> 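Before anything else, here's the structure in question.
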Protein chains: 2
Amino acid sequence: MAKSKKRSDCPVSCSLDIWGDKWSLLIIRDLMTAKQCTYGDFLKSPEGIATNILASRLQTLEENKIIEKLDHPDSKAKVLYKLTRKGIDLLPIMVEINLWAEKYFSIPDDRKQQLKEVKKDKAGFIKAFTKNLVS
Amino acid sequence: MAKSKKRSDCPVSCSLDIWGDKWSLLIIRDLMTAKQCTYGDFLKSPEGIATNILASRLQTLEENKIIEKLDHPDSKAKVLYKLTRKGIDLLPIMVEINLWAEKYFSIPDDRKQQLKEVKKDKAGFIKAFTKNLVS
DNA sequence: TAAAATAACTTGCATTACGAAAGTGATTTT
DNA sequence: AAAATCACTTTCGTAATGCAAGTTATTTTA
């Protein structure tokens with residue numbers, strides 16, 4: 001896979017160069033909800049990512065230090081993926097995406113419930129959630 | 001262009017179905033900084049979007065009510081694009097992207113200056129900036 | 001302990017999207 | 001009246017996507 005050079009110095013452009021596609025943020029979403037995922041876990045998500053696309057995105061995200069690979073404690077056949085601090089710091093973006101989507105789409109009830117908490121104290125939620133992911 | 005059906009009920013997935021690509025958020029960025037843009041204005045941005053891609057993205061964003069077309073007051077040959085309220089409400093996401101990028105990339109000095117203000121009072125900044133865009 | 005299953009990918013191939021360049025038609029300027 | 005501008009559209013080569021099947025290493029089952 002060719003390394004795409006950055007299109008400009010704009011922070012938005014630089015960010016999109018890494019995770020600006022239809023799949024990367026879903027991988028990151030999975031890692032925020034589950035903390036650690038195997039390759040197979042990602043495949044179970046409802047959007048149904050193809051195996052080759054998943055492998056390609058995991059590689060790009062790893063190259064950009066958004067995620068990292070770990071040995072699975074129980075089995076040499078499995079691999080664990082988790083967010084780095086850089087990846088965890090995407091949480092505020094993820095939260096705002098959820099809030100925007102809640103305003104303009106109909107979203108699942110369990111998500112709505114969680115967002116109720118978020119709106120009560122956004123900074124507090126981010127801090128607590130981040131702390132949980134970091135540990 | 002085929003209308004892509006949504007991949008799941010996840011708010012993140014639904015959002016990415018609309019603007020999850022390398023260009024859409026750059027168009028939105030341009031509209032946030034300039035308030036109104038012509039087709040030619042978008043082409044002037046440093047990332048260098050191709051004309052056919054621009055036309056395609058503008059159409060998708062318009063279909064999804066993120067932007068709208070206006071008649072140009074000075075000329076029948078020109079078209080003005082601006083954000084709808086739904087598009088303006090992407091501002092918090094845009095702000096968080098900028099903050100994340102500032103932390104992990106080196107970004108232009110003028111952007112850094114603006115982000116200093118943001119960090120002083122995020123909610124206040126969003127409110128004021130939104131008000132400016134809405135008017 | 002040999003065979004089947006699981007896990008994490010990789011490969012092949014058809015379809016779709018992207019990107020660069022040139023072209024079109026409606027205005028607008030010279 | 002001719003040239004330029006504006007907002008696209010078209011063409012076409014290349015790259016990315018998506019589906020299915022295949023591969024290799026490791027585990028589990030019979």
Side-chain angles (χ1 to χ4, degrees), chain A residues 1-8 13 16-27 30-31 34 36-64 67-82, chain B residues 1-8 13 16-27 30-31 34 36-64 66-83:
Chain A
M1 175 155 308
K3 188 160 302 187
S4 55
K5 58 192 163 300
K6 75 173 171 175
R7 295 170 292 172
S8 80
S13 166
L16 294 177
D17 284 342
I18 298 179
W19 47 259
D21 67 88
K22 296 224 178 295
W23 294 109
S24 296
L25 283 182
L26 296 182
I27 291 172
D30 287 351
L31 286 171
Q36 293 185 325
C37 295
T38 64
Y39 189 88
D41 289 336
F42 293 118
L43 293 178
K44 282 176 208 138
S45 287
E47 292 83 12
I49 190 171
T51 57
N52 56 341
I53 308 293
L54 175 58
S56 148
R57 289 305 174 283
L58 288 172
Q59 193 188 325
T60 302
L61 290 173
E62 196 190 0
E63 281 168 4
N64 286 284
I67 64 174
E68 61 185 336
K69 271 174 155 179
L70 298 175
D71 291 338
H72 196 289
D74 302 345
S75 160
K76 252 191 278 188
K78 292 186 186 177
V79 180
L80 277 180
Y81 291 94
K82 64 174 289 198
Chain B
M1 172 155 306
K3 186 161 303 187
S4 54
K5 57 192 163 302
K6 73 172 174 176
R7 296 171 290 172
S8 79
S13 165
L16 295 176
D17 284 341
I18 297 179
W19 47 258
D21 66 87
K22 296 223 178 295
W23 294 109
S24 296
L25 283 180
L26 297 181
I27 291 172
D30 287 350
L31 286 172
Q36 293 185 325
C37 295
T38 65
Y39 190 89
D41 289 336
F42 293 118
L43 293 177
K44 282 176 206 135
S45 286
E47 293 83 11
I49 190 171
T51 56
N52 54 343
I53 308 294
L54 176 57
S56 147
R57 289 306 175 282
L58 288 172
Q59 193 189 325
T60 302
L61 290 173
E62 196 191 0
E63 283 169 2
N64 286 284
I66 307 286
I67 64 174
E68 61 186 336
K69 272 175 155 178
L70 299 175
D71 291 338
H72 196 289
D74 302 345
S75 160
K76 251 191 279 189
K78 292 185 185 176
V79 180
L80 277 180
Y81 291 93
K82 63 173 291 198
L83 292 167

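The structure displayed is predicted, hence computed values, not measured ones. Hydrogens, waters and symmetry mates play no part in the numbers below; they use all other heavy atoms, side chains included.
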> Is a side-chain N or O of Asp41(A) found less than 3.5 angstrom from the main chain of Thr38(A), in a donor-acceptor match?
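It does hold such a pair.
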
> Under 6.0 Å from the CG atom of Asp71(A), do we count more than 12 heavy atoms belonging to anything else shown?
no

> In whole Å, I'd like the distance from the OH atom of Tyr39(B) to the P atom of dT5(D).
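Tyr39(B) atom OH is separated from dT5(D) atom P by 17 Å.
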
> Measure CG/Leu43(A) against C1'/dG18(D) and give the value in whole Å, please.
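Interatomic distance, CG of Leu43(A) to C1' of dG18(D): 13 Å.
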
> Between atom CG in Leu26(A) and atom C1' in dG18(D), what is the gap in whole Å?
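Rounding to the nearest Å, CG of Leu26(A) and C1' of dG18(D) are 16 Å apart.
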
> Give the nucleotide from the list dC9(C), dA7(D), dA16(D) with an atom nearest to the side chain of Arg57(A).
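Given the options dC9(C), dA7(D), dA16(D), the side chain of Arg57(A) is closest to dA16(D).
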
> What is the separation between atom CG on Leu54(A) and atom P on dT17(D), rounded to the nearest whole Å?
13 Å

> Which angle, to the nearest 10 degrees, lies between the helix axes at the two ends of the helix from dT1(C)-dA30(D) to dT30(C)-dA1(D), each defined by five pairs?
10°

> Find the distance Gln59(B):CD to dA7(D):P and express it as a whole number of Å.
16 Å

> Could you tell me how far apart Leu80(A) (CG) and dA8(C) (P) are, to the nearest whole angstrom?
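After rounding, the gap between these two atoms is 8 Å.
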
> Determine, for Trp23(B) and Arg7(A), whether the Lys NZ or Arg CZ falls below 6.0 Å from the six-membered ring centre while staying within 45 degrees of the axis.
yes

> When you check every protein heavy atom under 4.0 Å of nucleotides 19-30 of chain C, what one-letter string (B, S, -) results, 5' to 3'?
BBBB----SS--

> Report the distance from atom CG of Leu58(B) to atom CD1 of Ile67(B), rounding to the nearest 0.5 Å.
4.5 Å

> Can you measure Asp17(A) atom CG to dC18(C) atom P for me and round it to whole angstrom units?
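Between P of dC18(C) and CG of Asp17(A): 15 Å.
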
> Got a second to check how far Cys37(B)'s SG is from Tyr81(B)'s OH, nearest 0.5 Å?
11.0 Å

> Counting any heavy atom closer than 4.0 Å, what does Phe42(A) reach on the DNA or RNA strands: base, sugar-phosphate only, or nothing?
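Touches nothing.
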
> Do the side chain of Lys22(A) and the main chain of Gly20(B) share a donor and acceptor less than 3.5 angstrom apart?
yes

> Are the side chain of Ser75(A) and the backbone N or O of Ala77(A) linked by a donor-acceptor pair below 3.5 Å?
yes

> Taking NZ, NE, NH1 and NH2 as the nitrogens, is one of them in Arg57(A) or Asp21(A) under 4.0 Å from a carboxylate oxygen of the other?
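Between Asp21(A) and Arg57(A) there is a salt bridge, with a charged N closer than 4.0 Å to a carboxylate O.
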
> Taking only side-chain N and O atoms of Lys22(B), does any of them lie within less than 4.0 angstrom of OP1 or OP2 on dA15(D)?
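Looking at the OP1 and OP2 atoms of dA15(D), neither is under 4.0 Å from any side-chain N or O of Lys22(B).
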
> How long is the gap from NZ on Lys44(B) to OH on Tyr39(B), to the nearest 0.5 Å?
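That separation rounds to 13.0 Å.
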
> Please report, rounded to the nearest Å, how far the P atom of dA7(C) is from the CG atom of Asp71(A).
17 Å

> Between dC8(D) and Tyr81(B), is there an OP1 or OP2 to side-chain N/O distance shorter than 4.0 Å?
yes

